[in-house]
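Okay, structure first, notes after.
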2 protein chains.
Amino acid sequence: MNKISTRAQIIQHADQLFYQQGFENTSFADIAGMVKISRGNFYHHFKSKDEILKAVIELRLANTQNMLDKWQTSTDNPTKRIECFIKILITNWSKIKYYGCPVGTLTSELAKLNHSLQANANELFSLFRNWLAAQFELMGQVKKADAFAMHILARSQGVATLGNSFRDENFVKQEVEQMCDWLNSLKKQQG
Amino acid sequence: MNKISTRAQIIQHADQLFYQQGFENTSFADIAGMVKISRGNFYHHFKSKDEILKAVIELRLANTQNMLDKWQTSTDNPTKRIECFIKILITNWSKIKYYGCPVGTLTSELAKLNHSLQANANELFSLFRNWLAAQFELMGQVKKADAFAMHILARSQGVATLGNSFRDENFVKQEVEQMCDWLNSLKKQQG
DNA sequence: GTCTATAACTGGATAGAC
DNA sequence: GTCTATCCAGTTATAGAC
């Protein structure tokens, strides 16, 4: 019955704004405007802007874990699971088109700011990396599991960046298809 | 005999700072500090930060064109030329490690700012794209030339982003090798 | 006591007058 | 080329509302 807490609202809107506008470029006034509270009131919930970022990253980690868990239970075929990952590019295309990949753009921005929460943001990549590696292991690719995970992560990342720059959906679809082809060629090798 | 002009110095240092710190996060004072001129003098050369960005992008376009021209003359083998491109990841690793790809991080940042110079920055990608496509055509891959160009551009981009995040040189080297293998497998197909 | 609004402080930014 | 104006960010202090 309770309404969503103010704290949760702040995190939720900050999450969205950090993604769409970037962390640095998003001000308290921006967030306050969306949550409809006064600027000063923030400090009742968070000690600093960095704490909001920390909470946002934690929210993203939780949401990502949820997504991976769902994929894990919705099918027992690891190849199909990896395909779920690859196809986020298409599922989320309407956002990626304008704002890029939420993980890659955040880690890149924090790297340039030399921000103290770089490691936290990188955990988002690690979450995908480890999950993907686990799937490749299930496919029988034990030795190359991590390398393959990084490979597919990197290709997805590149497609997101180029897709965002050129705003070309066909390019994204083609690359997704190629990644799926590559994935399925691995399966056959294992037979 | 002339010393490098003040204007050129501003652009050069801005280029470096925009790359290392990001565009938004770099202030006039930062640039003025490096060029060692007063801030008033700044306005003699540039009316706004956006004008500096425009000049920086033009400088990068010129530098990129120079690099491509050099590769074009230093070898008449298109496959080897594309390898030159792929291997920038290793050549520039010491910078990519900390600041990512100068092109990808700029276009991503400008996309989030919804900046008016997005199209100018994208030209940097187009320069590479068209040059790569021309090389693939010379390799005999006429129909797929542009798709291959985008493919290799995207993969390089992804490797830069992940390399920057995980700071893992071995990963970069492995991916570079794989891209070169892929490239050479195309050559054989054509005979 | 918990949450919120208002106002003011501080530093850094762009901008522009002199 | 200095110096100032203005604005806006993050932050803090205080006092009121529930």
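A, B, ... follow the sequence lines: proteins, then strands. Residue 1 opens every chain. Because the structure is a prediction, the values reported are computed rather than measured.
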Sugar-phosphate only, base, or nothing, as touched by A:S27 at under 4.0 Å among non-hydrogen atoms: sugar-phosphate

Under-4.0 Å side-chain N/O to phosphate OP1/OP2 contact, A:S48 with D:dG10: no

Euclidean distance, atom CD of residue A:E51 to atom C1' of D:dG10 [Å, nearest integer]: 14 Å

Parallel, tilted or perpendicular: ring planes of A:F128 versus A:F85, cut at 30 and 60 degrees: tilted

N/O (side chain, A:H44) to phosphate O (OP1/OP2, C:dT4) under 4.0 Å: no

Nearest-Å distance for atom pair CZ/P, residues A:F46 and D:dA9: 19 Å

Interatomic distance where CG belongs to B:N25 and P belongs to D:dC8 [whole Å]: 19 Å

Parallel, tilted or perpendicular: rings of B:F125 and A:F166 (30°, 60°): tilted

Phosphate OP1/OP2 of C:dT4: any A:H45 side-chain N/O under 4.0 Å: yes

Salt bridge (Lys or Arg N to Asp or Glu O under 4.0 Å) partners for A:E123, two or more places apart: none

Between D:dA9 (C1') and A:D50 (CG): distance, integer Å: 14 Å

Nucleic acid contacts - residues 9-17 of chain B versus DNA chain D, non-hydrogen atoms under 4.0 Å: none

Contact pattern, 5' to 3', of nucleotides 12-18 of chain D - B, S or - by protein heavy atom under 4.0 Å: B------

Partner residues of B:E83 under the salt bridge (Lys or Arg N to Asp or Glu O under 4.0 Å) criterion, sequence neighbours left out: B:K87

Options D:dT11, C:dT4, C:dT14, nucleotide nearest the side-chain atoms of A:T6: C:dT4

Pairs satisfying ring pair (Phe, Tyr, Trp, His ring centres under 6.0 Å), at least one member in residues 57-84 of chain A, at least two apart: A:W71-A:W131

By side-chain contact (heavy atoms from CB on, under 4.5 Å) - contacts of B:T75 (at least two apart): B:N77, B:K80, B:R81

Any A:Q21 side-chain heavy atom under 4.5 Å of A:D30 side chain: yes

Residues B:N170 and B:Q174: side-chain donor-acceptor under 3.5 angstrom: no

Geometric class of the B:F136/B:W182 ring pair [parallel <30°, tilted 30-60°, perpendicular >60°]: perpendicular

Distance, rounded to the nearest Å, where B:D30 contributes CG and C:dA13 contributes P: 6 Å

Rounded interatomic separation in angstrom, taking CD from A:Q21 and C1' from D:dA9: 14 Å

Length of the CD1-C1' vector between A:I37 and D:dT11, whole Å: 14 Å

Whole-Å distance separating the CD1 atom of A:I31 from the P atom of D:dT11: 11 Å

